[in-house]
There are 2 protein chains.
Amino acid sequence: MPSSLNERPTLKTIAFMTGLGITTVSRALKDAPDIGAETKERVRLVAAQVGYHPNRAGVRLRTGKTNVISLILSLEEEFIGLTSPMVVGISEVLATTQYHLVITPYSARSDPLDPVRYVLDTGAADGVIISRTEPKDPRVALMMERNFPFGTHGRTELGLDHPYHDFDNERFAYDAVRMLVERGRRRIMLLHPPPFLTYHMHMRSGFERGLRDFGATSVPFNKVDLDNSLADIRVACEAAMLAPDAPDGVISGSGGGAVALVAGIEDAGLKLARDVDMVSKQSNDFLQWLRPEVITLREDFRLAGRELAKAVIARIEGQPATELQTLSFPVLQN
Amino acid sequence: MPSSLNERPTLKTIAFMTGLGITTVSRALKDAPDIGAETKERVRLVAAQVGYHPNRAGVRLRTGKTNVISLILSLEEEFIGLTSPMVVGISEVLATTQYHLVITPYSARSDPLDPVRYVLDTGAADGVIISRTEPKDPRVALMMERNFPFGTHGRTELGLDHPYHDFDNERFAYDAVRMLVERGRRRIMLLHPPPFLTYHMHMRSGFERGLRDFGATSVPFNKVDLDNSLADIRVACEAAMLAPDAPDGVISGSGGGAVALVAGIEDAGLKLARDVDMVSKQSNDFLQWLRPEVITLREDFRLAGRELAKAVIARIEGQPATELQTLSFPVLQN
DNA sequence: CAAGTCAACTGTATCGTTACAGATTTTGAC
DNA sequence: GTCAAAATCTGTAACGATACAGTTGACTTG
């Protein structure tokens with residue numbers, strides 16, 4: 001019973017065509033040691049000829065291997081803009097492998113643990129990538145406890161070794177202070193990430209180290225952070241610029257926030273480069289085009305995607321987590 | 001042989017717990033008519049209690065249903081920025097269903113048919129969503145021929161009925177011309193999409209209809225289109241602004257392009273709103289913040305994602321394609 | 001009360017793959 | 001020439017689900 005020619009070929013098809021057993025074909029394609037060299041060659045040839053792809057459901061059912069990496073994504077528009085270049089980086093790496101990329105979303109109103117639990121409980125993926133990492137991130141704790149492969153965009157403070165990729169936000173803020181001081185600025189304001197995210201601490205400590213080393217002072221700006229709406233940031237910035245001890249230097253922890261800060265500064269009747277200098281972390285080109293006065297240090301999200309995808313796959317293959325931790329550094333744009 | 005308590009429950013687990021047969025449990029959970037009401041209730045209760053999720057590999061192997069929608073994505077950075085809000089819209093809809101979203105990428109250097117063929121040949125998904133639709137799109141032709149469910153972001157000219165969602169680019173360009181003429185502009189330049197995409201024709205014909213109806217003339221701008229780099233667009237725009245018959249009104253087919261046009265206009269020493277007015281299609285807020293003089297008509301990509309996801313699922317469920325074609329309209333921003 | 005009807009339930013085979021435990025043939029040693 | 005070891009190859013069962021073809025027992029019906 002040869003399977004019809006226009007149906008998807010299976011191991012059975014190849015077994016029939018070569019006159020071998022199904023098991024032999026399976027093992028030949030896996031390059032198993034107990035199959036003859038010539039047989040392997042024949043099987044590979046026929047498989048290529050008929051365009052054989054192993055049936056994912058069959059493999060998954062038998063072995064439990066899904067060949068899926070799940071990217072867990074917050075659906076808030078503000079974050080998705082940042083994470084989309086990451087999708088490109090992840091896809092670039094996965095394209096060279098058998099893995100598929102599945103987007104597992106969650107909304108701000110729901111528990112961020114939900115998608116992780118879903119993947120763990122249903123076995124929906126072999127590995128997971130998460131963002132918006134917290135110092136005591138419960139998602140990390142849960143996946144470590146279950147010994148499930150994952151990578152985080154950002155570090156944790158749990159005393160547990162897991163794969164991560166992080167941008168050096170300490171250095172970013174430190175360099176940013178330096179650049180502002182070099183331009184004669186001394187009173188510096190920082191638009192920081194929300195306090196519960198790990199990189200808040202990194203950015204703050206780089207900021208404070210910079211203030212000490214370069215002899216500048218901090219202008220408090222604590223009513224808003226990068227999770228606030230651009231409109232809120234704009235208003236808060238204008239207020240800060242009109243206050244008695246207004247800053248003459250501003251650091252923005254993201255490109256989106258920088259746009260709002262620029263608008264706030266100009267609302268206050270001030271002019272960039274003349275009255276105030278600004279350093280921003282930047283992922284897209286827009287700000288660079290419209291306000292070239294803003295000094296931008298680039299964070300490469302695409303690279304982050306590539307690193308994380310490679311790390312998760314290596315972790316799945318058993319490589320120790322400590323070898324899968326990478327850091328990238330701010331690059332001055334232009 | 002009761003399965004261990006901390007393993008994933010299967011139909012067998014529930015069958016053992018209820019004392020029923022596996023088949024009965026399966027059919028009870030599907031609400032089949034030949035199962036008693038009380039039995040169904042008991043089965044549902046136990047299933048919920050143990051947190052039963054059907055094993056996707058089992059279902060997929062037996063039925064061929066993957067419960068996957070594949071979003072086919074070009075990995076070029078310029079496009080991914082636009083498509084990312086679409087991912088949000090798609091996810092919102094899929095979250096209420098059993099479907100997972102898989103990203104199937106392709107690069108500009110490879111054949112756009114490749115990912116479609118891959119899905120078709122491997123049965124990787126139950127439905128597909130594609131963008132960058134062409135009038136005689138070979139991907140559409142192929143999927144129609146194979147009777148495979150899909151939705152397109154953008155229309156085709158193949159004379160075949162398939163689900164789509166499109167933005168009314170004809171109306172966008174027409175309205176844009178009107179708004180420019182209302183501001184006293186008469187010599188209008190259009191930054192259009194690449195000619196091989198369907199919406200190029202829509203935008204052009206709306207543009208030309210507007211010129212006729214409102215009595216304006218066109219300034220040729222054919223050396224670049226929206227697929228060119230921002231740097232190229234900027235340079236071309238500056239040149240156009242310095243040429244003898246320079247435009248006094250500009251229309252941009254995307255928000256990204258508008259940023260480059262603004263830069264080009266300013267490179268030429270001209271000022272928005274004073275020397276030139278501009279209407280742009282806009283998906284993010286950045287331009288609005290930094291150049292409020294630009295008139296923006298919004299295209300809602302998130303809505304597009306929602307509409308397409310719903311359409312593809314409905315198509316999978318057998319609804320006629322002609323009922324799954326939607327259009328959305330430009331909205332004046334602020 | 002025999003026979004037919006119906007409701008409720010169940011066993012078997014199967015999807016495509018791989019783990020495992022053979023089976024068969026070849027080779028080599030003495 | 002015999003026998004063990006090595007080299008190749010293969011059948012069966014199982015992963016979890018569902019289609020399909022029953023089975024069982026209670027209830028009508030004439």
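Chain letters run A, B, ... following the sequence lines, proteins first and then strands; every chain starts at 1. Please read all numbers here as calculations on a predicted model, not as lab measurements.
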inquiry  = Within the 4.5 Å heavy-atom criterion, are A/V68 and B/H100 side-chain neighbours or not?
reply    =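 Heavy-atom side-chain distance check fails, nothing below 4.5 Å.
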
So does [X] pair up with [Y], basic N to acidic O under 4.0 Å?
| X | Y | value |
| --- | --- | --- |
| A/D31 | A/K40 | yes |
| A/D137 | A/R132 | no |
| B/D300 | B/R302 | no |

key: 5′-ward residue of the pair A/T39/B/K30 relative to DNA chain D   = A/T39

Quick one: does any side-chain atom of [X] pair with a main-chain N or O of [Y] as donor and acceptor, under 3.5 Å?
| X | Y | result |
| --- | --- | --- |
| B/T156 | B/K136 | no |
| B/T122 | B/Y118 | yes |
| A/T63 | A/V59 | yes |
| A/R42 | A/T18 | yes |

Under-3.5 Å N/O pairs linking protein and nucleotides 10-12 of chain C:
| from | atom 1 | to | atom 2 | distance (Å) |
| --- | --- | --- | --- | --- |
| C/dT10 | OP2 | B/G21 | N | 2.8 |
| C/dT10 | OP2 | B/T24 | OG1 | 2.5 |
| C/dG11 | N7 | B/T23 | OG1 | 3.2 |
| C/dG11 | O6 | B/T23 | OG1 | 2.8 |

ask   = For the atom pair CZ (A/F150) and CZ (A/R315), what is the distance rounded to the nearest 0.5 Å?
value =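 With rounding to 0.5 Å, CZ (A/F150) is 8.5 Å from CZ (A/R315).
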
Pairwise distance CD(B/Q325) to CD(B/E307) - rounded to 0.5 angstrom =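 Taking CD in B/Q325 and CD in B/E307, the distance rounds to 12.5 Å.
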
Restricting to nitrogen or oxygen on both sides, can you table the protein-nucleotides 24-27 of chain C pairs closer than 3.5 Å?
none

Rounded to the nearest angstrom, tell me the gap between atom [atom1] in [X] and atom [atom2] in [N].
| X | N | atom1 | atom2 | value |
| --- | --- | --- | --- | --- |
| A/Y52 | C/dG16 | OH | C1' | 7 Å |
| A/L11 | C/dA19 | CG | C1' | 14 Å |
| B/R60 | C/dG16 | CZ | P | 13 Å |
| A/R56 | C/dT18 | CZ | C1' | 17 Å |
| A/K12 | C/dA13 | NZ | C1' | 12 Å |

task = Using a 4.0 Å heavy-atom cut-off across all strands, classify B/P54 as base, sugar-phosphate, or nothing.
result = sugar-phosphate

query = Between the base of C/dT17 and the side chain of A/R62, is there a donor-acceptor distance below 3.5 Å?
reply = no

query = If you find the nucleotide of DNA chain C closest to A/N55 and the one closest to B/K40, which residue's nucleotide is nearer the 5' end?
reply =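 Closer to the 5' end of DNA chain C: B/K40.
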
message = Checking side-chain contact (heavy atoms from CB on, under 4.5 Å) between B/M17 and each of B/L20, B/T13, B/I14, which is the one that passes?
response = B/T13

Segment of DNA chain D, first to last nucleotide, that comes within the 4.0 Å heavy-atom reach of chain A = D/dT8 to D/dG16

